[in-house]
Amino acid sequence: MATHPTRATPLPPAERREALIEATVPLLMTHGTDVTTKQLAEACGVAEGTLFRVFPDKESLIEAAISRAFDPAPMLAELAAIDRRPPLEERLAVVVGILVDRLSRTIALVHAVRLGGPDPRPALSRAARQAFRAGRSKADFAADVERTNSLVIEAIADVIDDDADQLRCTPREAGRVLRLLVFSGIHPGISGGPPLSEDQIIDFLLNGVRRHPPDYTNDAADNDGDH
């Protein structure tokens, strides 16, 4: 017996919009901007006409999906929900896992969108053009990026704040370094080789590259005794 695609349960307009956006992100990773409205409709379990009752065109849906993929709110919520009771290394493992997952998906999306279609730049820059027309400047966008980075760093610092006495720097500085290690360690255009594993990132953050890190506490005590 032939089977037919299951149509999605009717949803309120706002929920339908969210469902379409969520279904579009993985399709962009696979097909880039070459994704068709038929593929989008099938993934969402709706008719193609339903797409255009929610979004005026395919490009608008792609723009919304790209914006959703770059929205830091879900990642910040995950960081805030981390259990503070386990040891420092265990909490850092959860933090790194969240950051790696987020950055890996973001990098994959950017790569796929750039490869898809004859010229994917309009899909990436449309929001920027609209914002410029609304009076925003490049400085505004730079400020948005800086604000997001600061929020991520603060969220990491909050996770490790209870162990501040174990650190040689502030929790915020540790968070900044961790974010840099994750980004540079897994980005194919920066890492210069195989991506760093999560264990490598944590080990480097806590121990660096020395085989036997010096005991600064004992050295200080010995020096005090010489006087």
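Numbers here are sequence positions counted from 1.
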* **Test side chain to side chain contact (heavy atoms under 4.5 Å, CB included) applied to S60 and D57, step by step** => CA-CA 5 Å; S60 297; D57 48 43; 2.7 Å; yes

* Under 3.5 Å, side chain of R68 to main-chain N/O of E22, donor-acceptor pair present? -> no

* Asked: Should L206 and V209 be counted in the same cluster of Ile, Leu, Val, Met, Phe, Trp and Tyr side chains packed under 4.5 Å apart?
  -> yes

* **side-chain contact (heavy atoms from CB on, under 4.5 Å), paired with L61, selected from T37, L28, V54, L40** => L40

* Taking all non-hydrogen atoms of both residues into account, name the closest pair between A41 and L51 and its distance. => N-CD1, 3.9 Å

* List for me each residue that meets side-chain contact (heavy atoms from CB on, under 4.5 Å) alongside L196, sequence neighbours excluded, and say none if there are none. => Q200, I201

* Asked: How far apart are the closest heavy atoms of A65 and I21, and which atoms are they?
  -> CA-CG2, 3.9 Å

* Establish whether L178 and L151 are linked, either directly or via other cluster members, by ILVMFWY side-chain heavy-atom contacts under 4.5 Å. => yes

* To do: Check side-chain hydrogen bond (donor to acceptor under 3.5 Å, both in side chains) between T106 and all other residues, then give those that pass, not counting sequence neighbours.
  => none

* Got a sec, which residues hit side-chain contact (heavy atoms from CB on, under 4.5 Å) with S104, two or more places apart in sequence or on another chain? -> V100, I186

* Taking all heavy atoms of A64 and all of R17, pick out the closest pair and write down the distance. => CB-NH2, 4.2 Å

* Between I160 and P171, which heavy-atom pair has the shortest distance, and what is it? -> CD1-O, 3.8 Å

Can you give the donor-acceptor pairs under 3.5 Å from side chains of residues 70-78 to other protein atoms, not counting sequence neighbours?
from: D71; atom 1: OD1; to: A73; atom 2: N; distance (Å): 3.0

* Taking all atoms of both residues into account, what is the closest heavy-atom pair of L109 and I66, and its distance? -> CD2-CA, 4.5 Å

* **Residue pairs, two or more places apart or on separate chains, that pass salt bridge (Lys or Arg N to Asp or Glu O under 4.0 Å) and touch residues 95-109** => D101-R105

* side-chain contact (heavy atoms from CB on, under 4.5 Å) against R84, all qualifying residues, sequence neighbours excluded -> I82, D158, V159, D162

* Test item: side-chain donor near acceptor, R53 and T50, under 3.5 Å -> yes

* Asked: Taking atom CD1 of I98 and atom CG of L103, what is their separation to the nearest 0.5 Å?
  -> 12.0 Å

* Which atom of D34 lies closest to which atom of K58, heavy atoms considered -> C-NZ, 4.5 Å

* Could you state the interatomic distance from CD (E15) to CG (L20), rounded to the nearest 0.5 Å? -> 12.0 Å

* Qualifying residues under side-chain contact (heavy atoms from CB on, under 4.5 Å), relative to E173, sequence neighbours excluded -> C169, T170, R176, V177

* Look up atom CZ in R91 and atom CD1 in I202, then write down how far apart they are to the nearest 0.5 Å. => 11.5 Å

* Structure fact -> residues 183-192 vs salt bridge (Lys or Arg N to Asp or Glu O under 4.0 Å), sequence neighbours excluded, gives none

* To do: Scan for ring-ring contact (aromatic ring centres under 6.0 Å, His included) pairs involving residues 152-194, sequence neighbours excluded, and state none if there are none.
  => F183-H187

* Asked: ring-ring contact (aromatic ring centres under 6.0 Å, His included): which pairs involve residues 86-106, sequence neighbours left out?
  -> none

* Taking only residues at least two apart or on different chains, which pairs with a member in residues 143-170 satisfy ring-ring contact (aromatic ring centres under 6.0 Å, His included)? -> none

* Asked: Distance from I153 atom CD1 to T148 atom OG1, nearest 0.5 Å?
  -> 11.0 Å

* Asked: Are V145 and L79 connected in the hydrophobic side-chain network, where two residues link if heavy atoms are under 4.5 Å apart?
  -> no

* Charged N to carboxylate O below 4.0 Å: is that the case for K38 and E48? -> no

* Is there a side-chain contact between L205 and V96, using heavy atoms and a 4.5 Å cut-off? -> no

* Common cluster, I190/L181, ILVMFWY with side-chain heavy-atom separation under 4.5 Å -> yes

* Kindly write out the residues that satisfy salt bridge (Lys or Arg N to Asp or Glu O under 4.0 Å) with R179, not counting sequence neighbours, or none if the list is empty. => none

